[in-house]
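Nothing here was measured: the structure is a model prediction, and the numbers come from that model. Quick note on labels: first sequence line is chain A, next is B, and so on, each numbered from 1. Atoms considered below: every heavy atom in the structure, side chains included; atoms not considered: hydrogens, waters and symmetry mates.
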Amino acid sequence: MQACYAIAPGHRMQWEETRQGWVILYPEGMVALNDSAAETLRCCDGRTPLHAVVADLQSRYADSELENDVCALIAAALQDGWLRRR
Amino acid sequence: MLAELTYSCPLQCPYCSNPLQLGKRTQELSTDDWLRVLGEARALGAAQLGLSGGEPLLRRDLEVIVAEARRLGYYTNLLTSGMGMDEARIAALRDAGLDHIQISFQADAAELNNRLAGSDSFRHKQRVARLVKAYDYPMVLNVVMHRHNLDRTREILDMAAALEADYLELANTQYYGWALLNRDYLLPTREQLEDAEALVQDYRRRLGERMKIYFVVPDYFENRPKPCMDGWGRVFLGIAPDGSALPCHAAASLPGLELPNVREHGIDWIWHESPAFNRFRGEDWMQAPCADCEERAGCFGGCHCQAWLLSGDACAADPVCSRSPAHEVVVQAVQRAAASRVEPHPLMRNTRNSAQLQNRTGDLQKETG
């Protein structure tokens, strides 16, 4: 939980007006993010440790499952190569 | 969206998929045309932009195009031979916001690389590959594979590893344009392909995540066609140097298909309304064996351009499919190449040969099919 994460090099997260949603772009591909995934990944700025990301999200959304959900998302994003540990 | 900025190229690779009629530089779209097209396609939801050619670095306005693409929110990918790249240029492109660079190699060593490219380019490509890495881009190498370099697969893999490439794409030749003209020269044997694929598996195991290796199989050696462009008019929009909008890279070869031009129409009309982009949308065009085939939703009938080039009917099943009545054409081409003892000479892709081809009567692409 001390580790910091950021969007991986060669990837870019941005708002897509035509889709009204956040996406991650990479060479010849794109993944559409749901609202909670987008909110979490926007906090992954490469400087904020994961525990602080969780605390920040918990302060805004009361959800007992939040920490588990965040960890599952981070694991999946690392696996798919969108996210890098700093 | 794929922007083919120019068909000019310092290389003369005989496997080039560009059309035989390369056109003149004076017919190319202006900077303003490209900027307008980028804006129109982005408004429709296009997010990926491939910058290709020919050699896109020959366009002096490449940095302007990249900067506008980035401002609009495209993910930009430069597909280059490396010729025309130096440190000043890569710095300018990075400042303009270029996201990604892919460099082509023809082979692992200077002599073969330069012979295939018809130009003394190998050492420069190596320098550019290192430059790409120095500027914090992932190093993506692309090598088009065929009879004359498949036996060098091990050395090509070693070269990519030595350069510390992040990705290596070994893309077997697709037989369109110049490649179709030179098919007897380029078609490999099945053994060559199997050996190369085994080596790729071996290197994948050994290198793991250090270098990702893609091996794009040639469709002539398959029993089912590729889902060309993921379906006609579904996700792909190509723009040729002269502004023709292409539903498939090779669509200019299709007879009776009037390609809309961005000089005369907006991208919205071209994508939604133009007869060309609607020509093979859906399944109404299908005939036997595609019409009632249970796999039609996966392959979309394959490639219409290939169907036309090999069978003379753009609505036929792609002859790569073993269910196609014209499949024998593909089988025979492969057999002929394997049995060939005489080494055919390639026709190099350049403006002189392009002009000579234009002067010859008849449809040359059809003849070779």
Could you give the side-chain donor-acceptor pairs of residues 22-37 of chain A under 3.5 Å, partners two or more places apart or in another chain?
from	atom 1	to	atom 2	distance (Å)
A:Asn34	OD1	A:Ser36	N	3.3
A:Asn34	OD1	A:Ser36	OG	3.2
A:Asn34	OD1	A:Ala37	N	2.8

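- If you measure heavy-atom distances from B:Tyr167 to chain A, you find no contacts under 4.5 Å at all.
- For residues 125-134 of chain B, heavy-atom neighbours of chain A at less than 4.5 Å comprise no residues at all.
- Side-chain contact between A:Arg12 and B:Arg70: present, with at least one pair of heavy atoms (C-beta onward) separated by less than 4.5 Å.
- The number of heavy atoms from other shown groups lying within 6.0 Å of CD (B:Glu222) is above 12.
- Comment: A:Glu16 engages B:Arg42 in a salt bridge, judged by a side-chain N to carboxylate O separation of less than 4.0 angstrom.
- For the set A:Glu17, A:Gln14, A:Arg19, the entry with the most heavy-atom pairs within less than 4.5 Å of chain B is A:Gln14.
- When the shell of 6.0 Å around CZ of A:Arg60 is examined, it contains more than 12 heavy atoms from other residues, nucleotides or ligands.
- Of the residues considered (B:Ala43, B:Gly50, B:Gly73, B:Gly45), B:Gly73 shows the highest number of contacts with chain A, using heavy-atom pairs under 4.5 Å.
- A:Thr18 and B:Leu44 get closest at one heavy-atom pair: CG2-C, 4.3 Å.
- The number of heavy-atom neighbours closer than 6.0 Å to CD of A:Gln20, taken from other residues, nucleotides and ligands shown, is above 12.
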